[in-house]
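Just below is one structure, and these are the notes that go with it.
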Amino acid sequence: MASVTFMDCSSSTAAARTRIPPFTSHQVAAESLLHSRHSVMPLHPAPGKPVMTLRTVATATRASASPSSTVNAAMSTDDSVKVIDGKLVAKKIRDEIATEISRMKDAIGVVPGLAVVLVGDRKDSATYVRNKKKACESVGINSYEVHLPEDSTEQEVLKHLSDFNEDPSVHGILVQLPLPSHMNEQNILNAVCMEKDVDGFHPLNIGRLAMRGREPLFVPCTPKGCIELLHRYGVEIKGKRAVVIGRSNIVGMPAALLLQREDATVSVVHSRTKNPEEITREADIIISAVGQPNMVRGSWLKPGAVVIDVGINPVEDPKSARGYRLVGDVCYEEACKVAAAVTPVPGGVGPMTIAMLLSNTLSSAKRMHNFK
C-alpha cells in the first residue's frame, strides 16, 4: 500500500502543506464557523428530549434517502447513506443554551462570560475570534477580548490571563492559537485557570479525562462535539469497535478517551501505524482527524460504519470563485457508497465545535454559582 502521511488537522501548519497561499487551517475553521461529559452539562440529551434520527436529516437533505429511525453502528446495510447534519444539531444546542442562560439570568442575575486573548494580526485568527464573539452574542453570553500586538511579551499575555482568572464575570478563557513564535505556548495555556479552561486543554482536565472514576471539568470542544453527534443521532457506542485516525492532543487523543469512556473498544491509527487501512476497515465507528484531504477512501470502510470526519482541508478548485474548496479527511463520495452514516465537510463537525465551546462556558458559570 502507498505510504500515508498523517498530520494534526488542528495545527496551524496543516494547510501549509497545500499550494493555496495564504491559507491556514484556522482560516478554514473561521469560514466554517468551527473550532464531555461532566457533571454539569452531560453529553447525553436531557430526559424527555427526543433523540435526533438520521431519518430527520435524510428527509431534510436527501429526499431520496430511505427512512430510518436510528442508526446502530455497523448494523445498517442500506444503500442510501445517512447524512449527519452538524449544522442542524449545533442550532438545536445553541437554542437550548440560550434558553438555559435566560433561565439563569432570571433566577440569579448571572450571565456567563467568555474571554478571548488574541496576539498578533493574523486575519484568519481575527476572523475566528470574531465568529466566536458572534456565537456568544447569539445565545446571550458576554464576550471579552484582549487583542495584543505581535511583538508583545509573554509576560504581558500572562498578566491579562491572570486578570481574567481573577475576574468573577469571566467564566471561560481561551487563548487563540497559534501564538507568535517567540512565546512558549505551553506556559501560556497552563496559565489559564483550570476552572475556566473551556477549551479543555489544561493537563489536569486531560488527566481526569483519562482516569476512570474521575470527571474533567471540561473536555476539548471538537471531540466533545463528535461524541455529541453520535449521541444525538442515537448511534450505539457501547461494545462497538471504534477507530480514531490521528492522535493530536486537541482532537485524536481526547476523542479516543471519550469513546473508551463510552465502552467502545478503541484503536488509534497514527503516522507509525502499519496497515492503517486494514485496522480502519474493522471499525464500526470512525473519527478521522489528520488534516489530509480524502486520505480515507471507501476501501478503508466497513459496510455500515458510521464516519465522523473532523478534517477541514482546502484543495485547489479552479471552478470556485475562491480558487479552492473544502474537503474532509474522508473521501465523501466514496464513503457515501459504503457507510451507514457520515458527516459532510463543511457542515458536519465544524459547527459543533463552537456549540461545545458555548456549552462549556455555560457549564462553567453554572458550576461557579452552584446553579442547577
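If you're wondering where the values come from, they're calculated on a predicted model, not measured in any experiment.
Counting only heavy atoms from C-beta outward, the side chains of P216 and R214 never approach each other to under 4.5 Å. Side-chain atoms of M194 and R208, non-hydrogen and from C-beta on, do get closer than 4.5 Å to each other. Annotation: side chain of S169 is not in contact with side chain of N142 (no heavy-atom distance under 4.5 Å). Side chains of F164 and V146 form a contact here, defined as non-hydrogen atoms less than 4.5 Å apart. Using a 4.5 Å heavy-atom cutoff, the side chains of E145 and K132 are not in contact. Contact of the E100 side chain with the V139 side chain is not registered, since no non-hydrogen atoms from C-beta on lie closer than 4.5 Å. No side-chain heavy atom of F201 sits under 4.5 Å from any side-chain heavy atom of V192. Residues M368 and V110 fail the side-chain proximity criterion, which asks for heavy atoms closer than 4.5 Å.
A donor-acceptor pair is defined here as one N or O able to donate and one able to accept, closer than 3.5 Å; no such pair exists between the side chain of D309 and the backbone of V342. A distance-only check finds no donor-acceptor pair linking the side chain of Q176 to the backbone of L118 [under 3.5 Å]. With D197 contributing its side chain and H202 its backbone, the two residues share a donor-acceptor pair below 3.5 Å. A side-chain donor-acceptor contact under 3.5 Å links T127 to the backbone of K123. In this structure, the side chain of N275 does not engage the main chain of E278 through any donor-acceptor pair within 3.5 Å. Between the side chain of S364 and the backbone N or O of N360, no donor-acceptor pair lies under 3.5 Å. Side chain of R122 to backbone of L179: no donor-acceptor contact under 3.5 angstrom is found. At distances below 3.5 Å, at least one donor-acceptor pair connects side-chain atoms of T99 with backbone N or O atoms of D95. With hydrogens and angles ignored, the 3.5 Å screen pairs no side-chain donor or acceptor of Q260 with any backbone N or O of V266. When atom types are taken as modelled, the side chain of D329 and the backbone of G291 share a donor-acceptor pair closer than 3.5 angstrom.
When every heavy atom of S138 is checked against every heavy atom of R94, the shortest pair comes out as OG-CD, 4.2 Å. Considering every non-hydrogen atom in both H147 and G120, the closest pair reads NE2-O, 2.6 Å. Across every non-hydrogen atom of S125 and L177, the tightest pair is OG-O, 3.8 Å. The two atoms that bring P344 and V83 nearest to each other are CD-CG1, 3.8 Å, heavy atoms only. The nearest pair of heavy atoms linking P351 to K87 is CG-CG, 3.7 Å. In plain terms, the two heavy atoms of V175 and L161 that are nearest each other are CG2-CD2, 3.9 Å.
One finds a salt bridge joining D317 and R325 here, because a Lys/Arg side-chain nitrogen approaches an Asp/Glu carboxylate oxygen to under 4.0 Å. Using a cutoff of 4.0 Å between basic side-chain nitrogens and carboxylate oxygens, E228 and K224 are not scored as salt-bridged. Salt bridge annotation for K159-E156: absent, with no cationic side-chain nitrogen under 4.0 angstrom from a carboxylate oxygen. Electrostatic pairing of R367 and E215 does not count as a salt bridge here, judged by no charged N lying under 4.0 Å from a carboxylate O. Remark: E277 engages R281 in a salt bridge, criterion side-chain N to carboxylate O under 4.0 Å.
In this structure, the separation between CD1 on I245 and OG on S267 is 11.0 Å, given to the nearest 0.5 Å. Residue L209 holds its CG atom at 4.5 Å from CG of L257, rounded to the nearest 0.5 Å. With rounding to the nearest 0.5 Å, the separation of CG in L174 from CG in L189 is 10.0 Å. Of the inter-residue distances, the one linking I308 atom CD1 with I227 atom CD1 reads 8.0 Å to the nearest 0.5 angstrom. Atom OG in S248 sits 13.0 Å away from atom NE2 in H270 (nearest 0.5 Å). E195 CD to H171 NE2: the interatomic distance, rounded to the nearest 0.5 Å, is 12.5 Å.
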Working for side-chain contact (heavy atoms from CB on, under 4.5 Å), residues V327 and V345: CA-CA 6 Å; V327 301; V345 176; 5.6 Å; no
Could you go step by step and tell me if M183 and S152 meet the side-chain contact (heavy atoms from CB on, under 4.5 Å) rule? CA-CA 9 Å; M183 294 186 180; S152 297; 4.2 Å; yes
Test side-chain contact (heavy atoms from CB on, under 4.5 Å) applied to D85 and Y233, step by step: CA-CA 10 Å; D85 191 338; Y233 278 96; 3.7 Å; yes
Determine whether R247 and R272 satisfy the following criterion, side-chain contact (heavy atoms from CB on, under 4.5 Å), listing intermediate values before the conclusion. CA-CA 11 Å; R247 54 178 174 178; R272 299 294 184 266; 4.2 Å; yes
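Remark: of the listed residues I287, V269, T273, V269 is the sole one forming a side-chain contact (heavy atoms from CB on, under 4.5 Å) with V243. When K302, K240, R241 are each tested for a salt bridge (Lys or Arg N to Asp or Glu O under 4.0 Å) with D284, only one passes: K302.
No continuous path of hydrophobic side-chain contacts links I97 to V111 [ILVMFWY only; heavy atoms under 4.5 Å]. In the hydrophobic clustering of ILVMFWY residues, with side-chain heavy atoms under 4.5 Å counting as a link, L204 and I206 come out together. Residues L362 and F371 are members of one and the same hydrophobic cluster, defined by side-chain heavy-atom contacts under 4.5 angstrom among Ile, Leu, Val, Met, Phe, Trp and Tyr. Follow the hydrophobic side-chain contacts under 4.5 Å out from V330 and you reach I279 in the same cluster.
The side chain to side chain donor-acceptor pair (under 3.5 Å) search around D199 returns none, not counting sequence neighbours.
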